[in-house]
Visitor: 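Please see the structure below; I have some questions.
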Amino acid sequence: MDPLVRPGQSQQVVHLTNDPSETLVALLGDINPDSRSLYTWTQWPDRLWKRPYLTPKSESLLYDGFSRTHHICFRPLYLPQHWLTTSCSHGASSPSLSERSLDQSLLSIHFVVVGGGISGLCSAITLSRVGHEVTLIEADENMDETPLSAGAILPPNMVKLLKRWDLAEQLQEMTAVMPGFEINRFDTGEYLGTHAWSEELFREAGGELRTSNYSAFRKMLKDTALKNGVTIRMGTRVTSVSSKRHTQPIVTLDNGEVLRPDVVIGADGLKSVVRQYVRNDEEPEEKTYLGMDVYLMHIPGDRLAEDPELKPYLEEQKLMRNTYGHKCGAYMYLTPPPPGSGRQYPDIVFHIFLAGEGDLTDWKQFTPDELLQRMGEIWHIKAKMIKHASMIVGGPIFERPVLEDWVSEEGRVIVIGDAAHLFYPGAIQNMGVAVCDAATFGAFFRHLHHHRQIDAFLDAFAEIRPERIQYMRTMDFANLDFMMMPNGEEQELRDSRLRQRVKKGLNALDADGVDDALNGANVPSRWEAIVSIFCYDAEEEADKWWANWGSLQERASFSKIHTELRFDVQSVEQTVVVEE
């Protein structure tokens, strides 16, 4: 046994093979005074396999200078049971290449994610996938059902990430591909064109545009997080968060319990407790009403199937229907019935946008008649559908002050999703940006091997995400303005250009000359903007940052270290010393 193992400590040396060329290598870095750490790699021929099974809990490294003697004592290594063996032979004790993850963090730390919405759940999933310990705090007592929810739009830039996270089978079961969209007038139903997404676009983007029942989608993410080992604390609220430089943050729960994770992620939405701490201001934020209200509506397909005039929209209509009106507009799309529901027909979801009077200050429920009264003149088919709605909720669209920094002044606490950047409810990219936030976290913290990197990764996240999100918000709001354009000369020009496209057999977003009324929104064309959004890869962007900046910073920090300690591992042994 290593004489430097302290009383009461466990030393465990893990045999992987008896090939002396395959050794454990200890690389020493700067020491965090609050959490001394030993990081180990296993060197395999022609590749570097990162092994994630170290815990950051106990002190494990003492040193008296990089150029002199290194005193090492191993902390316990927690490995899959079938790895542990006292035999030096090859076989079950030697993991196959397929069992070796190249995507796991070298250092595992503890994250507390506040909020169990899409951004919170996806952050928990992606961080647990790369080897970190995650505790998710959610106020809802039950995450299997989400009351007052309608549908979910899953853009290609989101779908490609979910597929990488091994969720392709679940997506196939519970989502439907939206092959394009159709444009109609809000008041008359006049047909103004169709745009079909090309298979080439979906291949280039790495995913399709899909729809899902929101409640079922959230449940699937919850189940995936649990399967990945995430601890979910439902029916629990966070009352306060605090942090101090170079120490673990403090999270206080409503039952008085205190958590001390390494990082706090605030994904707690519009009324975020974590955002208030990051702002470092006890005064509530002022909101700016944008003069628009949004109404989200769920219509069970089984109800529409009983009406011969409406049933064809369930059987034949797979396109999203966009309706353009005078200071109003709407999206309508189909969502598959939740898995296991036994229902035959898909449901219909509406996102309806109306010019507001400022009388809605928060979300509230509406009856179909109340909503129809607010909508004014509307195509009779849509009015007939709305009367079958099982759930309608409406609320104001407002703007909130932009956070100067998403990371707290003392570090280790960050906000994401709606807690950081507010899209309007019902926006096409609302869920897409939430999942991209989460993917960026996982891509950064996959490279973690030292505590000093934590603040660097959080700062990098807050550096690269805001600009991208602002671009996407600009596009989504521009699309909303385009759809709700007041009647007048500009609206007539828009509609006439759409009609011309129909006559020429063009897609609604296809370019039709240089001077085109459909171009604009601060981009060369709407089509080019959509392509750039659909093809965006959040993980790839994070990897670019790592290649261009993060890895260079790490090499610079290790430039003064010239010593490598190598250990030839020949057997497995575990000893606990109990005497002083």
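Just so we're clear, the structure is a prediction, and the values are computed from it rather than from any experiment. Heavy atoms only: backbone and side chains are in, while hydrogens, waters and symmetry mates are out.
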Visitor: From Met472 CE over to Phe477 CZ, what is the distance, rounded to the nearest 0.5 angstrom?
Guide: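 The distance works out to 13.0 Å.
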Visitor: So, Thr126 side chain and Cys122 main chain: donor-acceptor pair closer than 3.5 Å or not?
Guide: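 No; zero donor-acceptor contacts below 3.5 Å.
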Visitor: Nearest 0.5 Å please: distance from the CG atom of Leu107 over to the CZ atom of Arg452.
Guide: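 Nearest 0.5 Å value for the CG-CZ distance: 10.5 Å.
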Visitor: So, Arg129 side chain and Gly442 main chain: donor-acceptor pair closer than 3.5 Å or not?
Guide: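 Not a single qualifying donor-acceptor pair exists.
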Visitor: I'd like to know if the side chain of His132 and the backbone of Phe445 have a donor-acceptor N/O pair within less than 3.5 Å.
Guide: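 Answer holds: yes.
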Visitor: Output, in order, the C-alpha distance, side-chain angles, deciding distance and verdict of side chain to side chain donor-acceptor pair (under 3.5 Å) for His110 and Thr135.
Guide: CA-CA 8 Å; His110 181 206; Thr135 300; 2.9 Å; yes
Visitor: Check the pair Asp268 / Arg275 against salt bridge (Lys or Arg N to Asp or Glu O under 4.0 Å), numbers first and verdict last.
Guide: CA-CA 8 Å; Asp268 45 345; Arg275 178 184 173 96; over 6 Å; no
Visitor: Could you tell me whether the side chain of Lys160 and the main chain of Tyr536 form a donor-acceptor pair under 3.5 Å?
Guide: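 Flag set: sc Lys160 to bb Tyr536 pair under 3.5 Å.
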Visitor: Determine whether the side chains of Arg218 and Thr146 contain a donor N or O and an acceptor N or O closer than 3.5 Å.
Guide: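 There is such a pair between these side chains.
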Visitor: So, does Ser105 use its side chain to make a donor-acceptor pair with the main chain of Val130 at under 3.5 Å?
Guide: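 Not confirmed, Ser105 side chain does not pair with Val130 backbone.
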Visitor: Give a yes or no answer on whether the side chain of Asp455 reaches the backbone of Gly411 with a donor-acceptor pair at less than 3.5 Å.
Guide: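 Side chain of Asp455 to backbone of Gly411: no pair is present.
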Visitor: Does Met234 offer a backbone N or O that forms a donor-acceptor pair with the side chain of Glu138 under 3.5 Å?
Guide: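 It does not hold such a pair.
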Visitor: With a 6.0 Å cut-off (strictly less than), is the heavy-atom count around CZ of Arg279, excluding the residue itself, greater than 12?
Guide: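 Count over threshold, so yes.
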Visitor: Nearest heavy-atom pair of Ala267 and Ile416: which atoms, and what distance?
Guide: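 Where Ala267 meets Ile416 most closely, the heavy atoms are CB-CG1, 4.0 Å.
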Visitor: Run Lys227 and Asp223 through salt bridge (Lys or Arg N to Asp or Glu O under 4.0 Å) and show every step you take.
Guide: CA-CA 6 Å; Lys227 183 179 178 181; Asp223 292 341; over 6 Å; no
Visitor: Might you confirm whether atom CD of Glu257 has over 12 heavy atoms from other residues, nucleotides or ligands at distances under 6.0 Å?
Guide: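 Yes, because the 6.0 Å sphere around CD of Glu257 holds more than 12 heavy atoms from other groups.
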Visitor: Taking all non-hydrogen atoms of both residues, which atom of Ser128 and which atom of Val134 are closest, and how far apart?
Guide: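 Looking at all heavy atoms of both residues, the shortest contact is N-CG2, 4.0 Å.
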Visitor: Are Tyr333 and His351 linked by a side-chain donor-acceptor pair shorter than 3.5 Å?
Guide: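 Side chains of Tyr333 and His351: pair found under 3.5 Å.
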Visitor: Tell me whether Thr252 contacts the main-chain N or O of Thr239 through its side chain, where contact means a donor paired with an acceptor under 3.5 Å.
Guide: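 Such a contact is absent between Thr252 side chain and Thr239 backbone.
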Visitor: How far does CG of Leu171 sit from OG of Ser212, to the nearest 0.5 angstrom?
Guide: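 Taking CG in Leu171 and OG in Ser212, the distance rounds to 8.5 Å.
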Visitor: Between Lys244 and Glu409, is there a salt bridge with N-O shorter than 4.0 Å?
Guide: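 Salt bridge flag = no for Lys244 with Glu409.
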Visitor: Show the atom names and distances, to 0.1 Å, of all donor-acceptor pairs under 3.5 Å that link a side chain in residues 427-441 to residues at least two apart or in another chain.
Guide:
residue, atom, partner, partner atom, Å
Gln429, OE1, Asn157, ND2, 3.1
Gln429, NE2, Asn157, OD1, 3.3
Asn430, ND2, Tyr424, O, 3.3
Asp437, OD1, Arg465, NE, 2.8
Asp437, OD1, Arg465, NH2, 3.0
Asp437, OD2, Gly417, N, 3.0
Asp437, OD2, His421, NE2, 2.7
Thr440, OG1, Cys436, O, 2.8

Visitor: Please report the closest heavy-atom contact between Leu201 and Cys535, naming both atoms and the distance.
Guide: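 Residues Leu201 and Cys535, closest heavy atoms: CD1-SG, 4.3 Å.
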Visitor: Would you say that more than 12 heavy atoms from the other residues, nucleotides or ligands in this model lie under 6.0 Å from the CD of Glu285, or not?
Guide: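 Yes, because the 6.0 Å sphere around CD of Glu285 holds more than 12 heavy atoms from other groups.
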Visitor: Take Gln453 and Phe444 through the test side-chain contact (heavy atoms from CB on, under 4.5 Å) and record every step on the way to the result.
Guide: CA-CA 10 Å; Gln453 293 176 296; Phe444 280 152; over 6 Å; no
Visitor: In Å and rounded to the nearest 0.5 Å, what is the CD1 to CZ distance from Ile250 to Arg260?
Guide: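 Separation between the atoms: 4.0 Å.
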Visitor: Considering all heavy atoms of both residues, which atom of Thr335 and which atom of Asn213 are nearest to each other, and what is their separation?
Guide: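 Here Thr335 and Asn213 meet closest at CB-N, 3.9 Å.
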Visitor: State plainly whether the residues Arg203 and Glu208 are in salt-bridge range, i.e. N to O under 4.0 Å.
Guide: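 Not counted as a salt bridge, because no side-chain N and carboxylate O are separated by less than 4.0 Å.
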Visitor: Between Asp405 (side chain) and Val407 (backbone), is there a donor-acceptor pair under 3.5 Å?
Guide: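 Indeed, once roles are kept as given, a pair shorter than 3.5 Å links the two residues.
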Visitor: Going from CZ on Phe111 to CD on Glu133, what distance comes out if it is rounded to the nearest 0.5 angstrom?
Guide: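 Rounded to the nearest 0.5 Å, the CZ-CD separation comes out at 10.5 Å.
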Visitor: Any side-chain donor paired with an acceptor under 3.5 Å for Tyr277 and Ser243?
Guide: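 A donor-acceptor contact under 3.5 Å links the two side chains.
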Visitor: Compare every heavy atom of Ala124 with every heavy atom of Val230, then report the nearest pair and how far apart it is.
Guide: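 Of all heavy-atom pairs spanning Val230 and Ala124, the closest is CG2-O, 3.6 Å.
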Visitor: When you look at CD of Glu145, are more than 12 heavy atoms from neighbouring residues, nucleotides or ligands closer to it than 6.0 Å?
Guide: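 Open: at most 12 neighbouring heavy atoms sit under 6.0 Å from CD of Glu145.
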Visitor: Looking at Arg164 and Asp537, is any side-chain nitrogen of the basic one under 4.0 Å from a carboxylate oxygen of the acidic one?
Guide: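 Arg164 and Asp537: salt-bridged.
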Visitor: So how far is it from Lys271 NZ to Gln276 CD, rounded to the nearest 0.5 Å?
Guide: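 Spacing of NZ (Lys271) from CD (Gln276) equals 13.0 Å.
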